[in-house]
Visitor: 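Take a look at the following structure, please.
Counting convention: from 1, in listed order, for ligands and their atoms alike. All values derive from a computational prediction rather than experimental measurement.
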Amino acid sequence: MTDAPKAFVTGWPISHSRSPLIHGTWLRELGLAGSYEKIAVPPDAFARFLGGLQADGFVGGNVTIPHKEAAFAACARRDVAAEAIGAVNTLWFEGDALTGSNTDAYGFSANLDERLSGWREAETAVVLGAGGAARAVVHALKEAGVAGVTILNRTRERAERLADAFGAEAGGEGEFEALAPRFDLVVNTRPADPAGLAPADVRAIGALPESALVTDIVYVPLETPLLAAAAARGLRTADGLGMLLHQAVPGFERWFGRRPAVGEALRAAVIRDIAGGS
Ligand code: NAP
């Protein structure tokens, strides 16, 4: 008899992770033997942790902040998305070879396929923010064939570096209002400000085309100030929770052998968890 597959999520800290809830729900729904556990690993112990995975009986797992770049470097093999994004969030073994993917771009696209029909026809998109998640978003937009991607960021140089890597345009976040009339799709990746949307961003939302689509990858709160302003203007919007749920699908399928569905019950369970926590 073979042992039930064991998977993990690691980060530092990791207590906030909702991945155990997602994978645990799917294991139960599908009636599979298997486990998925949270393991806090500080940066200086990460290489040792990876080295011990097979001996500890793990088939793979997820990696989150601050380990995604270290996981990328540690992999013997990486898929196309991981290579393009330069970070790994999903690990498994091919034989003895530690192999990595980045499933954030897949999660982003799958969420919009489900909740924002027509997004693949966008010719122009603006990405607000230029951090790690923005890299995955820009990769997804390019893969979907969105020709004109503009990255606007508080720190303009960071937007320029990201734009150079993907053949996109870059600017400072103050340029959003003036450029807004040209965008078919808006993607926010900046943390939501509890004080609400900056007045210039409110004006930018007002200046978007009537057919513009707006999404936020931030899902706490579920309706961010940006999404609220866009919805109030009558624009079609999609929140970022589906990205979190869909990015988990490829890993689960690799470790446990069944492709799980992102259903309303799972979405509701994660919303309850967010309401009860942070
Ligand atoms: P990150 O690497 O720290 O980047 C944060 C970005 O936001 C940077 O561009 C930063 O600008 C900008 N920013 C931060 N505070 C700002 C402020 N007060 N005003 C203007 N810009 C500000 O973070 P990340 O990993 O990209 O994650 C970004 C967000 O996406 C997080 O909230 C995360 O939870 C969420 N996320 C969601 C999913 C999902 O599955 N839905 C997946 C990944 C991430 P500077 O460059 O100027 O610092």
Visitor: For ligand 1, give me the residues whose heavy-atom distance to it is below 4.0 Å, by chain and number please.
Guide: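 Within 4.0 Å of ligand 1, the protein residues are G129, A130, G131, G132, A133, N153, R154, T155, R158, E173, T189, R190, P191, I217, V218, Y219, G240, M243, L244.
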Visitor: Among D201, T224, D216, which residue meets the side chain to side chain contact (heavy atoms under 4.5 Å, CB included) test with R190?
Guide: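 Of D201, T224, D216, side chain to side chain contact (heavy atoms under 4.5 Å, CB included) with R190 is met by D201 alone.
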Visitor: Please set out all donor-acceptor pairs under 3.5 angstrom arising from side-chain atoms of residues 231-253, sequence neighbours excluded.
Guide:
residue: R233; atom: NH1; partner: I205; partner atom: O; Å: 2.8
residue: R233; atom: NH1; partner: G206; partner atom: O; Å: 3.3
residue: R233; atom: NH1; partner: L208; partner atom: O; Å: 2.7
residue: R233; atom: NH2; partner: L208; partner atom: O; Å: 3.2
residue: R236; atom: NH1; partner: S117; partner atom: O; Å: 3.3
residue: R236; atom: NH1; partner: S117; partner atom: OG; Å: 3.4
residue: R236; atom: NH2; partner: S117; partner atom: O; Å: 2.7
residue: D239; atom: OD1; partner: L241; partner atom: N; Å: 3.0
residue: D239; atom: OD1; partner: R267; partner atom: NH1; Å: 3.4
residue: D239; atom: OD2; partner: R267; partner atom: NH2; Å: 2.7
residue: H246; atom: NE2; partner: E114; partner atom: OE1; Å: 3.1
residue: Q247; atom: OE1; partner: T103; partner atom: OG1; Å: 3.3
residue: Q247; atom: NE2; partner: L244; partner atom: O; Å: 3.0
residue: E253; atom: OE1; partner: R259; partner atom: NH1; Å: 2.5

Visitor: Would the F58 and Y36 ring centres measure less than 6.0 Å apart?
Guide: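 For F58 and Y36, the ring centres are not under 6.0 Å apart.
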Visitor: Distance-only check: which donor-acceptor pairs under 3.5 Å involve side-chain atoms of residues 156-168, not counting sequence neighbours?
Guide:
residue: R156; atom: NE; partner: E160; partner atom: OE2; Å: 2.9
residue: R156; atom: NH1; partner: E175; partner atom: OE2; Å: 2.7

Visitor: Among all residues two or more places apart in sequence or in another chain, which pass the side-chain hydrogen bond (donor to acceptor under 3.5 Å, both in side chains) test with D96?
Guide: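 D96: side-chain hydrogen bond (donor to acceptor under 3.5 Å, both in side chains) contacts with Q54.
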Visitor: Quick one: which of L185, V137, V187, V127 gives a side chain to side chain contact (heavy atoms under 4.5 Å, CB included) with V149?
Guide: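 Output: one option passes, namely V127.
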